[in-house]
Amino acid sequence: MIDFTLTDEQRLLEQSVREWAAREVAPFIRDHDRRHHFDRDRIVGGMAKLGLLGISVPAGYGGAGMDYISLGIASEELEYVDTSLRVIMSVHTGLNCLSLLTWGTEEQKQRYLVPQSEGAKLAGYGLTEPGAGSDVRALQTTAVRRGDRYVLTGEKSWISLANVADNFLVFAWTDLEKKQRRDPSGLSAFIVERTFKGFASGPMKEKWGILAGDTGWFTLDEVEVPEANLLGEPGEGFKIAMFALDQGRFTVAAGATGLVRACRDASVRYAKDRRTFGVEIGQHQLVKEMIAQMESDYEAARLLWLRAGWLKNEGQRNTKETGLAKWFATVASERAASDAVQIHGANGYSDEYPVGRFYRNCKAAVIYEGTREIHKLMQADYLLGYRTDRPTRRALPAYKQ
Ligand SMILES: Cc1cc2nc3c(=O)[nH]c(=O)nc-3n(C[C@H](O)[C@H](O)[C@H](O)COP(=O)(O)OP(=O)(O)OC[C@H]3O[C@@H](n4cnc5c(N)ncnc54)[C@H](O)[C@@H]3O)c2cc1C
């Protein structure tokens with residue numbers, strides 16, 4: 001049976017996150033955005049108190065033990081206020097914590113997952129490099145075995161939380177022959193701490209969106225990583241990277257859905273307030289059309305992420321459904337933000353209203369965690385039979401009440 005009614009627990013979560021973000025973040029976000037300020041104490045501290053940083057991690061590992069629909073609800077509510085908040089859910093909770101939960105050893109879970117879920121440590125995900133985004137096989141970072149350690153050398157760019165996270169999931173080639181042949185079974189995944197010698201980070205300069213969030217680069221200059229920090233087995237890095245994206249994309253999908261809703265609500269408010277030709281602009285059919293499109297996009301995007309979350313709860317593979325939800329919601333959010341600015345006229349073209357910020361923020365999600373084009377190709381390839389999902393050694397744990 002498919003039931004769209006939220007449980008009492010999910011409803012309470014929705015209300016708590018909504019109230020916290022409206023009270024603690026909304027009044028300050030314009031200023032933080034303008035000053036490019038990542039307010040770690042207020043944002044990360046608040047999210048930790050709400051239990052969001054380990055929301056779908058079992059209580060035994062420091063998490064809140066909630067289901068994956070709850071992860072989507074939190075993401076939607078956070079991005080309703082600002083994309084920078086949802087990005088934390090995507091990289092810390094979605095990409096990193098759920099990967100440790102699924103692929104980590106008991107020792108790795110105790111050492112890294114527990115403090116991350118409790119919010120004592122913040123975590124990121126380092127796949128992209130200056131010469132490798134969509135084309136993961138073009139990565140250049142290497143991890144050479146030396147005794148009981150791996151020595152990592154390389155550079156990662158466009159990494160969310162690069163300057164503030166404590167731990168990173170880093171992908172590197174452990175088989176240099178396979179690197180030459182671009183065979184992804186030569187890639188491995190590592191847990192790297194910021195404090196490891198040879199790690200350095202800095203901001204991406206001139207970034208024009210998600211300004212209240214941190215985005216940067218980091219370099220690994222012969223960073224010695226203990227063998228115990230290898231996540232999964234040698235050669236499983238590509239599978240882990242793709243597994244992580246199934247969870248990250250889910251939060252991006254739900255978040256972009258929240259952004260569509262924010263654009264819709266701001267547009268409705270403005271359309272009732274602004275008058276032209278003697279009537280509220282909401283009376284003009286062409287304005288109604290934009291608002292109606294936002295509503296249909298919101299409802300469709302929400303159903304798509306809910307289905308993906310339901311599949312996760314059931315323990316079923318959902319790469320295709322999650323990818324579709326992410327693609328649809330992010331493209332819809334770009335359309336909604338553009339139309340929200342349009343409805344606001346010149347006022348939309350200033351920071352006096354939030355829709356300009358929504359417009360700047362929405363674009364990145366059409367690029368990260370699989371560009372619009374990569375998602376289109378994926379969906380076509382499933383239909384054409386060029387792509388199928390093979391089982392992996394580990395799968396995201398189903399939700400058990
Ligand atoms: C704000 C922000 C935060 C980010 N955070 C992270 C993070 O935390 N961790 C991380 O690892 N990465 C992160 N990224 C990086 C992001 O994942 C990459 O930017 C993304 O994968 C695209 O790679 P690219 O920028 O190199 O573009 P490219 O891969 O160079 O693509 C350029 C263009 O070519 C198109 N294209 C490429 N290949 C094909 C093809 N086969 N067919 C058709 N079109 C194609 C793309 O769709 C795109 O339009 C972030 C990016 C941004 C903007």
Side-chain angles (χ1 to χ4, degrees), residues 33 36 38 79 82-99 122-141 154-172 182 187 189-190 192 194 201-220 231 237-238 240-249 251-252 255-256 259 323 326-327 330-331 333-334 357-381 384 386-387:
D33 190 75
H36 298 211
F38 181 82
E79 191 151 4
D82 194 65
T83 301
S84 60
L85 307 185
R86 191 272 305 149
V87 167
I88 298 171
M89 292 302 278
S90 296
V91 301
H92 172 96
T93 310
L95 292 166
N96 191 306
C97 288
L98 292 178
S99 297
L122 203 55
Y125 173 87
L127 183 64
T128 304
E129 298 182 0
S134 309
D135 183 8
V136 173
R137 294 165 202 221
L139 290 188
Q140 291 302 314
T141 301
E155 179 182 355
K156 299 287 175 181
S157 55
W158 285 104
I159 305 302
S160 303
L161 311 183
N163 300 291
V164 290
D166 303 285
N167 309 323
F168 295 89
L169 205 50
V170 175
F171 300 90
R182 289 171 52 90
L187 283 164
F190 296 89
V192 175
R194 167 180 299 284
S201 74
M204 289 321 282
K205 295 222 174 80
E206 315 286 350
K207 187 180 64 155
W208 54 258
I210 322 183
L211 298 178
D214 178 77
T215 319
W217 52 264
F218 63 77
T219 50
L220 302 159
L231 187 67
F238 187 78
I240 295 173
M242 296 304 121
F243 163 89
L245 288 172
D246 279 354
Q247 322 324 325
R249 284 170 180 165
T251 63
V252 176
L259 189 50
K326 189 272 180 188
W327 171 37
T330 54
V331 170
S333 73
E334 196 179 0
R357 175 165 49 85
F358 296 160
Y359 192 43
R360 282 186 280 108
N361 285 353
C362 71
K363 186 62 190 177
V366 189
I367 295 170
Y368 52 58
E369 304 221 21
T371 65
R372 176 180 61 203
E373 291 68 36
I374 294 299
H375 281 289
K376 264 189 198 169
L377 295 174
M378 276 175 65
Q379 293 300 323
D381 286 350
L384 291 162
Y386 302 154
R387 180 189 173 103

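One-based numbering, in listed order, for ligands and for the atoms of each. FYI, the numbering just counts along the sequence from 1.
Under 3.5 Å, the side chains of R86 and T251 contain no donor-acceptor pair of N or O atoms. At a cut-off of 3.5 Å, with distance as the only test, a side-chain donor of N361 or D82 sits close to an acceptor on the other residue.
Taking the ring centroids of F218 and F168, they lie under the 6.0 Å cut-off.
Distances from atom 26 (O) of ligand 1 to the protein include at least one heavy-atom value under 4.0 Å. The presence of a protein heavy atom under 4.0 Å from atom 35 (C) of ligand 1 is ruled out.
One option in S160, G370, G124 has a heavy atom closer to atom 5 (N) of ligand 1 than any other, and that option is S160. Nearest to atom 16 (C) of ligand 1 by heavy-atom distance, out of L377, D214, T128, L169, is T128. Selection from F168, W208, W158 by nearest heavy atom to atom 7 (C) of ligand 1 gives W158. Of the options K207, E373, R372, the smallest heavy-atom separation from atom 49 (O) of ligand 1 is shown by E373. Nearest residue to atom 21 (O) of ligand 1 from G213, G133, A244 is G133 (criterion: closest heavy atom).
Looking at atom 39 (C) of ligand 1, its nearest protein heavy atom turns out to be I374 CD1, 4.1 Å. For atom 20 (C) of ligand 1, the closest heavy atom belonging to the protein is I367 O, 3.5 Å. Atom 9 (N) of ligand 1 has its closest protein heavy atom at Y125 O, 2.8 Å. Closest protein heavy atom to atom 52 (C) of ligand 1: Y368 CD2, 3.6 Å. Residue, atom and distance of the protein heavy atom nearest to atom 29 (O) of ligand 1 are S134 OG, 2.6 Å.
Heavy-atom proximity to V91, at under 4.0 Å, picks out these atoms of ligand 1: 8 (O). Applying the 4.0 Å criterion to heavy atoms of I159 picks out, from ligand 1, the atoms 7 (C), 8 (O), 9 (N), 10 (C), 11 (O). For ligand 1 and T371, the ligand atoms under 4.0 Å from any heavy atom of the residue are 22 (C), 46 (C), 47 (O).
Rounded to the nearest 0.5 Å, atoms CG (N96) and OG (S90) are 12.5 Å apart. Expressed to the nearest 0.5 Å, how far CH2 of W217 lies from CG of N163 amounts to 8.0 Å. Here H92 contributes atom NE2 and L98 contributes atom CG; the two are 9.5 Å apart, rounded to the nearest 0.5 Å.
Here the side chains of K207 and H36 are not in contact, with every heavy-atom distance at 4.5 Å or above. Using a 4.5 Å heavy-atom threshold, the side chains of T128 and L139 count as separate.
Contact annotation: E369 has at least one heavy atom less than 4.0 Å from an atom of ligand 1.
Using a cut-off of 4.0 Å between Lys/Arg side-chain N and Asp/Glu carboxylate O, E369 and K326 are scored as not salt-bridged.
Between K156 and the choices T219, V192, T141, the side-chain contact (heavy atoms from CB on, under 4.5 Å) rule is met once, by T141.
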